Amino acid sequence: MLRDGALKGKNILITGGGTGLGRSMGEYFLELGATLIITSRKLDVLEETAKEMMSQKGGKVIPLACDVREIVQVEEMWAKAIEACGQVDVVLNNAAGNFISPTERLSTNAFNTVLDIVLKGTSQVTLTAGKYWIAQKQPGVFLNIVTTYAWTGSGYVVPSAAAKAGVLAMTRSLAVEWAKYGIRSNAIAPGPFPTEGAWSRLLPGDLVKKFDPAKKVPIGRVGEHQELANLAAYLVSDFSSYVNGEVITIDGGEWLKGAGEFNNLDQIPEGMWDMMEASRGKKH
Ligand code: HXC
Ligand code: NAP
């Protein structure tokens, strides 16, 4: 979508950058000329991804292991990223943990695990990067991946919903507070984009047949990774320099369809509308 070289000179750190959507966004950033630092818990996955990305797209991808729940690991990872690149210009907070469960079945540890990855993890990476940028008098960009249930809430993924709502509030709050330092903060709320990580945990086993996510989307299909990557590339680029504190939904209209009281009337066949019209005496 953006022109060649649009992200040239930018060093972009992506949490959860070795798999799924983090990887897809990273691949496009790389194609547009950025240097990447990809981080998550599994170094072997990151190293393999980095190798494949560089052989397919060229450029430089630095894999660094870090559990975002552990502040010591976050600070070490940040120091290594600075050492390797000189500076980091963009942080894409994409790492997450999630699974479906009736809330009353969750152990305290299960609830906290998701809160810790999503909310605490994102806040620890954000604080580490923000403090550094402010001390260095260096501008920066945060892009945080949330979901549409950050504002609607959702049963059966309650820790994730609570944590993503927190990340959204943090995004908007810091957009105001840190703008004076030249730091922008925005979020993307994706609808359903198939990934192994999300599908295996949110639609395990036969659920994917029973609850086809595409059926909930007015556009009639799930998202393509490139569609998300296009939006993310714009939001981390200088072309979006006046966009700050925004959350952009990219879900084919999914959440609004669920929200509108009568939207499920799209199940009424045309013939029935004809009959209702005829019974009102309306002529075509
Ligand atoms: C109930 C579960 C559970 C499940 C784990 N637990 N899975 N409880 N149902 N399906 C409980 C465990 O029993 C344990 O509690 C506690 O959670 C921690 O589990 P661990 O396996 O020890 O944790 P850990 O190894 O840290 O793994 C974290 C994880 C895992 C979140 C559980 O799934 C993970 O690594 N996820 C990362 C990737 C991911 O989730 N990607 C999907 C993002 S999709 P006890 O009490 O037994 O100790 C997404 C989409 C949003 O966010 C919107 C879609 C439209
Ligand atoms: P994914 O491939 O499972 O991505 C999650 C990533 O987070 C993994 O790379 C994982 O790597 C990393 N991670 C998990 N726990 C971590 C920890 N403690 N520390 C560091 N990294 C950790 O799933 P995805 O679908 O691409 O999700 C990416 C983002 O999109 C998430 O924020 C998710 O909430 C959001 N999202 C996805 C969808 C969708 O439909 N796919 C919809 C809305 C929002 P390791 O296991 O190596 O740590």
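First listed ligand is number 1; within each ligand, the first listed atom is number 1. Note that the structure is predicted; figures quoted are calculated from it, not measured. Heavy-atom basis, side chains included; hydrogens, waters and symmetry copies ignored.
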| said: Taking 4.0 angstrom as the limit and counting only heavy atoms of Ala96, give me the atoms of ligand 1 inside it, by number and element. | reply: 37 (C), 38 (C), 39 (C), 40 (O), 41 (N)
| field | Which atom of Ala129 lies closest to which atom of Val91, heavy atoms considered | value | CB-CG2, 3.9 Å
| query | So which protein heavy atom does atom 52 (O) of ligand 1 come closest to, and at what separation? | reply | Asn98 ND2, 3.2 Å
| Under 3.5 Å: N/O of Lys164 near N/O of ligand 1 | no
| said: Please report the interatomic distance CG(Asn94) to CD1(Ile145), rounded to the nearest 0.5 Å. | reply: 5.5 Å
| Nearest-neighbour protein heavy atom for atom 3 (O) of ligand 2, which is reported as residue plus atom name and distance | Gly197 CA, 3.4 Å
| message | Counting only nitrogen or oxygen atoms and a 3.5 angstrom limit, does Asn94 reach ligand 2? | response | yes
| request: For atom 19 (O) of ligand 1, decide whether some protein heavy-atom distance is shorter than 4.0 Å. | output: no
| So, does Val118 sit close enough to ligand 2 that a heavy atom of it is under 4.0 Å from the ligand? | no
| message | Tell me the protein heavy atom at minimum distance from atom 35 (O) of ligand 1, and give that distance in Å. | response | Arg41 NH2, 2.8 Å
| field | atom 14 (C) of ligand 1: nearest protein contact (heavy atom, Å) | value | Asn109 ND2, 3.8 Å
| Hey, which atoms in ligand 2 end up nearer than 4.0 Å to a heavy atom of Pro192? | 40 (O)
| said: Looking at Pro63, is its backbone amide N or carbonyl O close enough to the side chain of Glu47 to form a donor-acceptor pair, meaning the two atoms are under 3.5 Å apart? | reply: no
| task | Could you pull out, from Asp251, Leu202, Val114, the option with a heavy atom nearest to atom 50 (C) of ligand 1? | result | Leu202
| When you measure from atom 51 (C) of ligand 1 to every protein heavy atom, which one gives the shortest distance, and what is it? | Tyr149 OH, 3.4 Å
| task | Please write down residue, atom name and distance for the protein heavy atom closest to atom 4 (C) of ligand 1. | result | Phe99 CD1, 3.4 Å
| field | Nitrogen or oxygen of Ser107 less than 3.5 angstrom from that of ligand 1 | value | yes
| query | Does atom 54 (C) of ligand 1 have a protein heavy-atom neighbour under 4.0 Å away? | reply | yes
| query | Any idea which atoms of ligand 2 are less than 4.0 Å away from a heavy-atom of Ala198? | reply | 25 (O), 41 (N)
| task | State whether the number of non-hydrogen atoms from other residues, nucleotides or ligands found under 6.0 Å of Lys257 atom NZ is greater than 12. | result | yes
| query | Heavy atom under 4.0 Å from ligand 1: found in Glu254's side chain, backbone, both, or neither? | reply | neither
| query | Among protein heavy atoms, which sits nearest to atom 46 (O) of ligand 2, and what does the distance come to when rounded to 0.1 Å? | reply | Lys42 NZ, 2.8 Å
| said: Which of the numbered atoms in ligand 2 are under 4.0 angstrom from any heavy atom belonging to Gly20? | reply: 2 (O), 26 (O)
| task | Flag yes if more than 12 heavy atoms outside Ile219 fall under 6.0 Å of its CD1 atom; otherwise flag no. | result | no
| Sub-3.5 Å N/O-N/O distance, Leu21 and ligand 2 | yes
| Taking atom 25 (O) of ligand 2 as the reference point, the nearest protein heavy atom with its distance | Thr195 OG1, 2.7 Å
| field | Minimum non-hydrogen distance to atom 8 (C) of ligand 2, winning option of Thr19, Leu228, Ile14 | value | Thr19
| said: Between Trp133 and Trp178 (judged by ring centroids, cut-off 6.0 Å), do the two rings come close enough to count as a pair? | reply: no
| request: Note the single closest protein heavy atom to atom 23 (O) of ligand 1, along with its residue, its atom name and the distance in Å. | output: Thr113 CG2, 4.0 Å
| message | Give me the residue, atom name and distance of the protein heavy atom closest to atom 40 (O) of ligand 2. | response | Phe193 N, 2.9 Å
| Pick from Pro213, Gly121, Ala95: the one approaching atom 22 (C) of ligand 2 most closely through a non-hydrogen atom | Ala95
| task | Within a distance under 4.0 Å of any heavy atom of Arg69, pick out the atoms of ligand 2 and give their elements. | result | 18 (N)
| query | Do the charged groups of Lys80 and Glu83 touch, with an N to O distance under 4.0 Å? | reply | no
| field | Over 12 non-hydrogen atoms of neighbours within 6.0 angstrom of NZ in Lys215 | value | no
| said: If we only consider heavy atoms of Gly191, is any one of them less than 4.0 Å away from an atom in ligand 2? | reply: yes
| Option of least heavy-atom distance to atom 30 (O) of ligand 2 (set: Ile145, Asp116, Thr15) | Ile145
| request: Count the heavy atoms belonging to other residues, nucleotides or ligands that lie under 6.0 Å from CG of Asp4, then report whether that count exceeds 12. | output: no
| task | Any atoms of ligand 2 less than 4.0 Å from a non-hydrogen atom of Trp199? List them with their elements. | result | 40 (O)
| What residue and atom, counting heavy atoms only, is the protein's closest point to atom 14 (C) of ligand 2, and at what distance? | Ala96 O, 3.3 Å
| request: Find all atoms of ligand 2 within a distance of less than 4.0 Å from any non-hydrogen atom belonging to Gly16, and give their numbers and elements. | output: 6 (C), 7 (O), 9 (O), 12 (C)
| said: To check your reading of the model: name the closest protein heavy atom to atom 11 (O) of ligand 2, its residue, and the distance in Å. | reply: Ser40 CB, 3.4 Å
| In terms of atom number and element, which parts of ligand 2 are under 4.0 angstrom from non-hydrogen atoms of Cys66? | 19 (N), 20 (C)
| remark: Counting from 1 in the order shown, the ligand 1 atoms closer than 4.0 Å to a non-hydrogen atom of Thr147 are 51 (C), 53 (C)
| message | If the test is side-chain contact (heavy atoms from CB on, under 4.5 Å), which one of Asn244, Ile134, Thr126 qualifies with Ile183? | response | Ile134
| Within-shell test, Thr147 vs ligand 2, heavy atom, strictly < 4.0 Å | yes
| field | Any Gly97 heavy atom less than 4.0 Å to ligand 2 | value | no
| note | Looking only at protein heavy atoms, what sits closest to atom 30 (C) of ligand 1 is Arg201 NE, 3.8 Å
| query | Looking only at non-hydrogen atoms, which of Arg41, Lys164, Glu196 approaches atom 17 (C) of ligand 2 most closely? | reply | Arg41
| atom 26 (O) of ligand 1: nearest protein contact (heavy atom, Å) | Arg69 NH1, 3.0 Å
